[in-house]
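Letters A, B, ... mirror the listed sequences (proteins, then strands); counts begin at 1.
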Amino acid sequence: MLDPQLIRNELDSIAKAIEKRGTSIDINSIKKNEDKRKAIQVKTESLQAERNLISKEIGELKAKNKNTEELFNKVTSIKDQLDKNEESLTIIQNELNELLITIPNIPHNSVPIGKSSKDNQTIREWGKKPTFDFNINDHVDLGESLGLIDFDSATQITSSRFVVMKGEIARLHRALIQFMLDTHITKHCYEEINVPYLVNTNSCTNTGQLPKFKEDLFYIEEQDFYLIPTAEIPVTNIVKDKILGDEDLPIKYVCHTPCFRSEAGSYGKDTRGMIRQHQFEKVELVQIVKPENSYNVLEELTLHAESILQKLNLPYRVVALCTGDLGFAAAKTYDIEVWLPSQDMYREISSCSNFESFQTRRMKARWRNTVNNKTELLHTLNGSGLAVGRTLIAVMENYQTKNGDIIIPDVLRQYMRNESIIKKP
RNA sequence: GGAGAGGUGUCCGAGUGGUUUAAGGAGCACGCUUGGAAAGCGUGUAUACGUUAAUAGCGUAUCGAGGGUUCGAAUCCCUCUCUCUCCGCCA
């Protein structure tokens, strides 16, 4: 949600900024509704004030057993007016809110202008792409010939876009999670937390997944809960309705969860393998910070995610999303893309965003500024550190041998009984 | 799943229709007092929105959430929600 003050006073420049995303907002109906809202609200509040005053007088007179008929008549006519005003105020506020809640965040000045992912800007590349003197396999062939990845069973159990991992691959998957958590906890000073995987509507609205992107989520109608598509939702909502002190900040959480995405509208996309699943695991970094620090923190948080790839020695690049590719709630986003030899391209493995006060305004998450003692909205950031399934794919493909074995990266061996290779049986 | 009791400010806690403008206490902040501290005394101590040059005043809303009754609701009614206790079930 954007600042209502800004929307009121600088609607035109906001509209311009939003247009960079390739979406437009209905300035006229916002303006019209806002003017209407203001007029009705002022009128309603003054009627309420009048009513309160007279009601109090009635109370005082009654206490003295005096006649209240005159005041009674007066207040009755106010009440009729007030009822009408209150009713239309509620309607207009709801209408306005529905409009405002569908407006995306304003892109930061440093975000490159563009229409689609083609216009994203590569910021840096890291690592040396491996060369192979044999015909390489993708993770599907590798996993199936090892007998350790089983898509057929998953389809049988549930449907397509699910996977069963076994033995050393399941262990490697778990090793990645352990390694990521341990790194962020000990090297980058995040606090580990464990959160619910089912969330309510309000939490999803606060972080921006609702109301616009309901079709991307798995919904449990019975209880009106959603399966989380990312730990961002439960973790960020921890600060909902809180006023934090200077000493509480910054908040740095790392959280491992499964993520559930319906992937509606991606039929035919990445149908092979584990790239795009309905269920995958992710280690998520979330920071809640003072506004003045948020852009430095975005750089820092991105580096934290990158460091996992560096330690795994997986080649990657960092891309600044252009205005047209930016997510709904984000003001700025860096995607980290890992090298997948089988696809001969970089694929997204992390997305690090600064949401500024977009989410905290919906959440009412504030801190008390020690300089002026006023409450101010916090800034929120998050990034995958990293998507585990895709990291597993990258490890398998980049570390494969001619025999179809997988070399275990050095940093993971301590989690793998110090073994150095996953061999075919 | 069944039965019962609850949700009031930073915290504890009073409050069953009208000087409640949410009592009282604790905590915290500032001041007075003191050689210093404690005690004591005094003052202050929520959030959001509107109005405003203003973090001054004034107005409005908020006593778990939403709706209703009423001139007037923390208080009465309805729905939901969360917490606690007992029983049942259960990893």
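Look at K79(A) and you'll find a side-chain N or O under 4.0 angstrom from OP1 or OP2 of G72(B). Proximity of Q5(A) to the phosphate of G50(B): a side-chain N or O atom is located under 4.0 Å from OP1 or OP2. The phosphate of A48(B) (OP1 or OP2) has a side-chain N or O of T375(A) nearer than 4.0 angstrom. Side-chain N/O atoms of N52(A) include one lying less than 4.0 angstrom from OP1 or OP2 on A61(B). For R366(A), a side-chain nitrogen or oxygen approaches OP1 or OP2 of A48(B) to under 4.0 Å. For the OP1/OP2 pair of A61(B) and a distance below 4.0 Å, the side-chain nitrogens and oxygens of R51(A) include at least one atom meeting the criterion. For R361(A), no side-chain nitrogen or oxygen approaches OP1 or OP2 of A48(B) to under 4.0 Å.
For the pair R37(A) CZ and G50(B) P, the interatomic distance rounds to 6 Å; values are reported in whole Å. Distance CG (N9(A)) to P (C49(B)): 13 Å, rounded to an integer number of Å. What separates NZ of K56(A) from C1' of G17(B) is a distance of 17 Å, to the nearest Å. One interatomic measurement links the two molecules: CG of L47(A) to C1' of G72(B), which rounds to 16 Å at whole-angstrom precision. Atom-to-atom, CE of M363(A) to C1' of U47(B) comes out at 17 Å; the value is rounded to the nearest Å. Following rounding to the nearest Å, D241(A) (CG) and G9(B) (P) show an atom-to-atom distance of 13 Å. Atom CD in Q93(A) sits roughly 13 Å away from atom P in U62(B) (whole-Å rounding). Taking atom CZ of residue R368(A) and atom C1' of nucleotide A48(B), one finds them 13 Å apart after rounding to whole Å.
The base-pairing partner of G17(B), taking Watson-Crick or G-U wobble contacts with both distances under 3.5 Å, does not exist among the strands shown. Nucleotide U47(B) forms a Watson-Crick or G-U wobble pair with A61(B), both donor-acceptor distances falling under 3.5 Å. Within the shown strands, nothing qualifies as a pairing partner of U52(B) under the Watson-Crick or G-U definition with both distances less than 3.5 Å. Pair assignment for G31(B) gives C41(B), based on Watson-Crick or G-U wobble hydrogen-bonding distances that are each under 3.5 Å.
The backbone N or O of A329(A) lies less than 3.5 Å from a partner atom in the side chain of N105(A), making a donor-acceptor pair. Using modelled atom types, no side-chain atom of R51(A) and backbone atom of V75(A) make a donor-acceptor pair closer than 3.5 Å. A donor-acceptor pair is defined here as one N or O able to donate and one able to accept, closer than 3.5 Å; no such pair exists between the side chain of D325(A) and the backbone of C322(A).
The same atom, P, is picked in U70(B) and in G57(B); the two are 37 Å apart, to the nearest Å.
Ring pair F280(A)/F260(A): centre-to-centre distance not below 6.0 Å.
In this structure, K214(A) forms a cation-pi arrangement with Y219(A), its terminal cationic atom sitting closer than 6.0 Å to the ring centre and no more than 45° off the ring axis.
A salt bridge (Lys or Arg N to Asp or Glu O under 4.0 Å) with E168(A) is found for one member of K424(A), R417(A), K423(A) and no other, namely R417(A).
Checking U60(B), C49(B), C71(B) against every side-chain atom of S55(A), the shortest atom distance belongs to C71(B).
Nucleotides of RNA chain B nearest to I243(A) and E50(A) differ in position, and the one nearer the 5' end is that of I243(A). Between E45(A) and K38(A), the residue anchored nearer the 5' end of RNA chain B, judged by the nucleotide with its closest heavy atom, is K38(A).
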